[in-house]
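Note on naming: letters A, B, ... go to the chains in the order of the sequence lines (proteins, then strands), and numbering restarts at 1 for each one. Being a predicted model, the structure only gives us computed values, none of them experimental.
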2 protein chains.
Amino acid sequence: MQGVETFLESKSIRVTAMRILIYNFLSDKDVAVTLSDIENAFDKADRTTLYRTIKTFEDKEIVHQIDDGTGVTKYALCEPNCHCDLETDLHLHFHCTECGATICLTDHKIPKIKVPKGFVAEHVNLVVKGTCDKCNCD
Amino acid sequence: MQGVETFLESKSIRVTAMRILIYNFLSDKDVAVTLSDIENAFDKADRTTLYRTIKTFEDKEIVHQIDDGTGVTKYALCEPNCHCDLETDLHLHFHCTECGATICLTDHKIPKIKVPKGFVAEHVNLVVKGTCDKCNCD
DNA sequence: TATATCCATGCAATGGAAGTGCATTAATCG
DNA sequence: CGATTAATGCACTTCCATTGCATGGATATA
Ligand SMILES: [Mn+2]
Ligand SMILES: [Mn+2]
Ligand SMILES: [Zn+2]
Ligand SMILES: [Zn+2]
């Protein structure tokens with residue numbers, strides 16, 4: 001993956017070793033990760049750096065936050081050309097209560113949700129909990 | 001409301017002054033409340049008691065938890081005959097980013113959500129964020 | 001009524017996670 | 001290279017959720 005550096009540059013942030021490492025770490029995973037996950041993967045780096053790196057990624061729409069209801073926020077890479085837009089980008093998240101995995105179901109966009117008169121919807125969080133495909137195979 | 005005591009009894013928990021007070025506090029509100037909200041309303045009582053009271057209520061399906069993404073869990077009374085069941089009881093929650101209120105939209109049940117093959121859905125959390133009717137009147 | 005039992009309450013302490021201020025180091029640009 | 005700006009590291013804080021243990025009150029049973 002030599003394209004990572006150019007990708008980060010395209011997001012107008014400085015390309016540092018740490019950022020490349022964290023980006024690659026995220027792209028290797030097919031599940032959302034917590035800050036602790038990243039922390040465990042990079043013992044030498046300081047928590048704050050990891051924290052601020054992921055926040056920067058969030059600002060620049062490189063990753064998106066996921067609140068799956070476990071109490072710890074998780075993060076996952078955005079799709080290409082994502083702008084975290086309600087209509088086009090926001091998707092369903094699945095949290096497996098057995099293995100704890102939280103997965104982006106990017107194909108499952110958020111359905112149109114009706115809200116009562118007077119209310120204006122700007123953002124939707126849709127999390128389905130249950131058991132994932134891997135856990136159901138056992 | 002003199003029926004509160006009988007109601008609590010019907011849930012097979014001991015009827016205490018504190019529990020009646022908290023139940024009434026919740027039923028007076030039309031928005032979900034945090035533990036801190038309850039704490040502020042009952043200065044004399046210990047935080048732990050309030051915490052455990054609400055947990056008991058939760059166990060007995062008297063209240064349900066709401067994770068609106070603000071980081072603090074909120075609670076609201078269940079509807080009569082609620083069993084927090086996915087099909088019949090789970091409903092949409094609205095969080096107003098302006099006034100901070102989180103509201104049960106009990107009329108808005110969770111729509112059928114499709115999940116990929118192999119996944120089994122057991123629970124759904126659906127939170128819409130935006131501005132509420134009151135805030136939109138200003 | 002006495003007493004044993006169960007549970008609600010209060011107090012103290014813990015742990016996890018998110019976030020911030022400030023000093024230092026590294027990257028960028030002229 | 002020197003100056004500027006941003007990234008990193010360290011220390012510290014705050015907030016919320018949760019638990020262990022001691023105590024007091026309610027309930028049940030003899
Ligand atoms: Mn996602
Ligand atoms: Mn509700
Ligand atoms: Zn699983
Ligand atoms: Zn509002």
Task: Helical bend (five base pairs per end, nearest 10°) for the helix from dT1(C)-dA30(D) to dG30(C)-dC1(D) - done: 20°
What is the distance, to the nearest angstrom, from the [atom1] atom on [X] to the [atom2] atom on [N]?
X	N	atom1	atom2	result
Leu21(A)	dA7(D)	CG	P	16 Å
Ile13(A)	dT28(C)	CD1	P	11 Å
Asp43(B)	dC11(C)	CG	P	13 Å
Asn40(A)	dG16(C)	CG	C1'	13 Å
Ile54(B)	dT18(D)	CD1	P	13 Å
Gln65(A)	dA17(C)	CD	P	14 Å
Ile22(B)	dT9(C)	CD1	P	8 Å
Phe57(B)	dA8(C)	CZ	C1'	12 Å

- [ ] Please check if any side-chain donor atom of Thr34(B) sits under 3.5 Å from a side-chain acceptor atom of Asp37(B), or the reverse.
- [x] yes
Atom pairs under 3.5 Å, N or O on each side, protein against nucleotides 13-15 of chain D: can you list them with distances?
none

- [ ] Under 4.0 Å between any heavy atoms, over every strand shown, what does Thr56(B) touch: base, sugar-phosphate, or nothing? Just pick one.
- [x] nothing
Task: Nucleotide-resolved protein contact map, nucleotides 23-28 of chain D, B/S/- at heavy-atom distance under 4.0 Å - done: --B---
Spacing of [atom1] belonging to [X] relative to [atom2] belonging to [Y], to within rounding of 0.5 Å:
X	Y	atom1	atom2	answer
Ile62(A)	Ser10(A)	CD1	OG	7.5 Å
Cys104(B)	Ile66(B)	SG	CD1	4.0 Å
Ile22(B)	Thr53(B)	CD1	OG1	4.0 Å
Glu61(B)	Cys84(B)	CD	SG	5.0 Å
Leu92(A)	Ile110(A)	CG	CD1	6.5 Å

Would you say [X] reaches [N]'s phosphate, i.e. side-chain N/O to OP1/OP2 under 4.0 Å?
X	N	value
Lys55(A)	dA18(C)	no
Thr34(A)	dA17(C)	no
Tyr51(A)	dA18(C)	no

Write out a two-atom table: protein N or O, nucleotide N or O from nucleotides 8-11 of chain D, distance below 3.5 Å.
from: dT8(D); atom 1: OP1; to: Thr16(A); atom 2: OG1; distance (Å): 2.8
from: dG9(D); atom 1: OP2; to: Asp46(A); atom 2: N; distance (Å): 3.3
from: dG9(D); atom 1: OP2; to: Thr49(A); atom 2: OG1; distance (Å): 2.7
from: dG9(D); atom 1: O6; to: Arg52(A); atom 2: NH2; distance (Å): 2.6
from: dC10(D); atom 1: N4; to: Thr48(A); atom 2: OG1; distance (Å): 3.3

- [ ] Quick one: list whatever passes side chain to side chain contact (heavy atoms under 4.5 Å, CB included) with Glu58(B), sequence neighbours left out.
- [x] Lys55(B), Val63(B), Gln65(B), Tyr75(B)
Open item on the list: Looking at Lys129(A) and Asp67(B), is there a salt bridge between them, counting it only when a charged N and a carboxylate O are closer than 4.0 Å?
Closed with: no
Open item on the list: Less than 4.0 angstrom from a charged side-chain N to a carboxylate O is my criterion; do Glu5(B) and Arg19(B) meet it?
Closed with: no
Open item on the list: Would the distance check show the side chain of Asn136(A) and the main-chain N or O of Thr131(A) forming a donor-acceptor pair, the cut-off being under 3.5 Å?
Closed with: yes
TODO: For the pair Thr97(B) (side chain) and Gly130(B) (backbone), establish whether a donor and an acceptor sit closer than 3.5 Å, ignoring hydrogens and angles.
DONE: yes
Open item on the list: Between Val31(A) and Leu35(A), is there shared hydrophobic-cluster membership here, with clusters defined by ILVMFWY side-chain heavy atoms closer than 4.5 Å?
Closed with: no
Show me, pair by pair, the donor-acceptor contacts under 3.5 angstrom made by side chains of residues 39-46 of chain A, not counting sequence neighbours?
from: Asn40(A); atom 1: ND2; to: Ser36(A); atom 2: O; distance (Å): 3.3
from: Asp46(A); atom 1: OD2; to: Thr48(A); atom 2: N; distance (Å): 2.9
from: Asp46(A); atom 1: OD2; to: Thr48(A); atom 2: OG1; distance (Å): 2.8

TODO: Specify the closest pair of heavy atoms between Cys96(B) and Cys132(B), including all atoms of both residues, with the distance to one decimal.
DONE: SG-N, 3.4 Å
